[in-house]
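Below is one structure, written out as C-alpha cells; the observations come after it.
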Amino acid sequence: MKHKFLFLLPLIFTCSISYAQYEIWETQLDIEYFTHLDRIYFLDENNGWAIGGPYFYTEDGGVNWYLDPNWWFFDHYGSDIVFMNQDTGFIAGGNGIIHKTTDGGQNWVPIQTPATQNVFRLFFVDKNNGWGALYNQSDDYQLIHTTDGGNNWATQQVFAINTSGIECLYFLNDSIGFAGGVL
C-alpha cells in the first residue's frame, strides 16, 4: 500500500502544477476585423503563423502579430498553414489549390492539385512528403499527397465509399498516418 501512495502523490502534484499553468490566458492576437482562426502553427518558440482567411505571423513567440501585408491583393486565403522552415510554407486553399512560398511568405505561388474541392488540412512529415485533406463529399478520393515538396500532388482514396469528410491529419512517417473526421 505504501508504494501506491508514493506513486499517486507525484501524480497529484504534477496535475496540480499543470492545472495552475493554464488558469490565466492572455489575448495575443486581437483579430478585430476577422471572425475566426482555423489554425495556429509554430515552427519554433519564436516563429508562428495563424490563418482564418488571411494569415498573420509572429517572430517573437506571439507577443506581436502582423497581418500579411499583401493579403488584400492576392488570393491566398485558406483554412490551414504549415511551414517546413522559415522560408518554405504552404496554405491550404479553395478549389484544390495549395499556395507555396519559398521566401518566408513574401511571395506565394498557387499550385493546382488534381482536386476540385477545397483543401482543408495539411500535414508534412519531412520536406518532401505531405498530405492534404479535402473537403470532399462527392469524389472517389479524400486526400492528396506529395513526394516532391509540394510541387506535384496525387489523389489518394481513404474509404471504399466516400461518406466521410476528413478534418484532421497526423502522420508518423511517410507510410503511417491517422485521419479523423465526420461520417
Side-chain angles (χ1 to χ4, degrees), residues 21-113 115 117-136 143-153 165-174 177-181:
Q21 292 176 352
Y22 299 104
E23 287 183 13
I24 300 172
W25 288 82
E26 293 181 25
T27 301
Q28 297 292 317
L29 176 59
D30 184 10
I31 51 173
E32 181 179 343
Y33 301 106
F34 307 102
T35 58
H36 71 281
L37 292 176
D38 290 314
R39 168 82 180 241
I40 298 172
Y41 182 86
F42 272 81
L43 183 61
D44 54 39
E45 65 186 34
N46 293 316
N47 298 288
W49 296 264
I51 194 163
Y55 79 93
F56 303 83
Y57 65 94
T58 182
E59 299 171 331
D60 58 12
V63 175
N64 296 294
W65 288 88
Y66 306 97
L67 177 64
D68 170 24
N70 300 316
W71 81 274
W72 293 100
F73 307 108
F74 297 104
D75 183 28
H76 54 266
Y77 287 85
S79 60
D80 201 359
I81 190 167
V82 296
F83 271 75
M84 306 294 94
N85 54 49
Q86 288 184 350
D87 294 323
T88 305
F90 300 90
I91 291 177
N95 301 316
I97 296 175
I98 294 176
H99 299 274
K100 181 179 181 179
T101 184
T102 56
D103 59 9
Q106 296 298 310
N107 297 289
W108 292 89
V109 176
I111 299 169
Q112 179 63 60
T113 70
Q117 286 75 27
N118 295 346
V119 182
F120 188 67
R121 288 288 175 252
L122 295 170
F123 193 92
F124 280 77
V125 293
D126 56 40
K127 67 180 184 176
N128 292 318
N129 290 286
W131 288 263
L134 302 175
Y135 187 75
N136 188 352
L143 291 178
I144 51 176
H145 179 230
T146 183
T147 58
D148 65 359
N151 295 316
N152 297 288
W153 295 81
I166 296 174
E167 294 183 358
C168 56
L169 295 172
Y170 188 85
F171 281 79
L172 298 174
N173 54 44
D174 63 356
F178 302 88

**Request:** Quick one: list whatever passes side-chain hydrogen bond (donor to acceptor under 3.5 Å, both in side chains) with Trp131, sequence neighbours left out.
**Result:** Gln156
**Asked** What's the shortest heavy-atom distance between Ala133 and Leu143, and which atoms?
**Response** CA-CD2, 3.7 Å
**Least distance between heavy atoms, Phe171 atom then Leu169 atom** = CE1-CD2, 4.2 Å
**Request:** Before giving the answer on side-chain contact (heavy atoms from CB on, under 4.5 Å), spell out for Thr58 and Val63 the whole-Å C-alpha distance, their side-chain angles and the decisive distance to 0.1 Å.
**Result:** CA-CA 7 Å; Thr58 182; Val63 175; 5.9 Å; no
**Message:** Distance check, rounded to the nearest 0.5 Å: Ile111 atom CD1 versus Ile97 atom CD1?
**Reply:** 10.5 Å
**Prompt:** Hey, what do you get for CG (Asn129) to CZ (Phe124), rounding to the nearest 0.5 Å?
**Reply:** 9.0 Å
**Leu134 side chain reached by Ile144 side chain, heavy atoms, under 4.5 Å** = yes
**Message:** Please determine whether side-chain contact (heavy atoms from CB on, under 4.5 Å) holds for the pair Thr113 and Ile98, giving the CA-CA distance in whole Å, both sets of side-chain angles, and the decisive distance to 0.1 Å.
**Reply:** CA-CA 7 Å; Thr113 70; Ile98 294 176; 3.9 Å; yes
**Message:** Keeping Asn118 on the side-chain end and Phe120 on the backbone end, is there a donor-acceptor pair under 3.5 Å?
**Reply:** no
**Request:** Could you pull out the closest heavy-atom pair between Asn128 and Asp126, with the gap in Å?
**Result:** N-OD1, 2.9 Å
**Prompt:** In Å, rounded to the nearest 0.5 Å, how long is the span from CH2 of Trp49 to OH of Tyr57?
**Reply:** 11.0 Å
**Complete:** Nearest heavy-atom contact between Tyr55 and Ile51 is CB-CG1, 4.0 Å
**Approximate separation, where rounding is to 0.5 Å, of Asp80 CG and Arg39 CZ** = 4.5 Å
**Request:** Indicate yes or no for a side-chain donor-acceptor contact from Gln112 to the backbone of Ala115 under 3.5 Å, with no hydrogens or angles considered.
**Result:** yes
**Request:** With rounding to the nearest 0.5 Å, note down the distance linking CH2 in Trp65 to CG in Leu67.
**Result:** 12.0 Å
**Message:** As an exercise, state the distance from OH of Tyr66 to CG of Asp60, rounded to the nearest 0.5 Å.
**Reply:** 5.5 Å
All N/O donor-acceptor pairs, side-chain side in residues 83-92, below 3.5 Å, sequence neighbours left out:
from: Asn85; atom 1: OD1; to: Asp87; atom 2: N; distance (Å): 2.8
from: Asn85; atom 1: OD1; to: Thr88; atom 2: N; distance (Å): 2.8

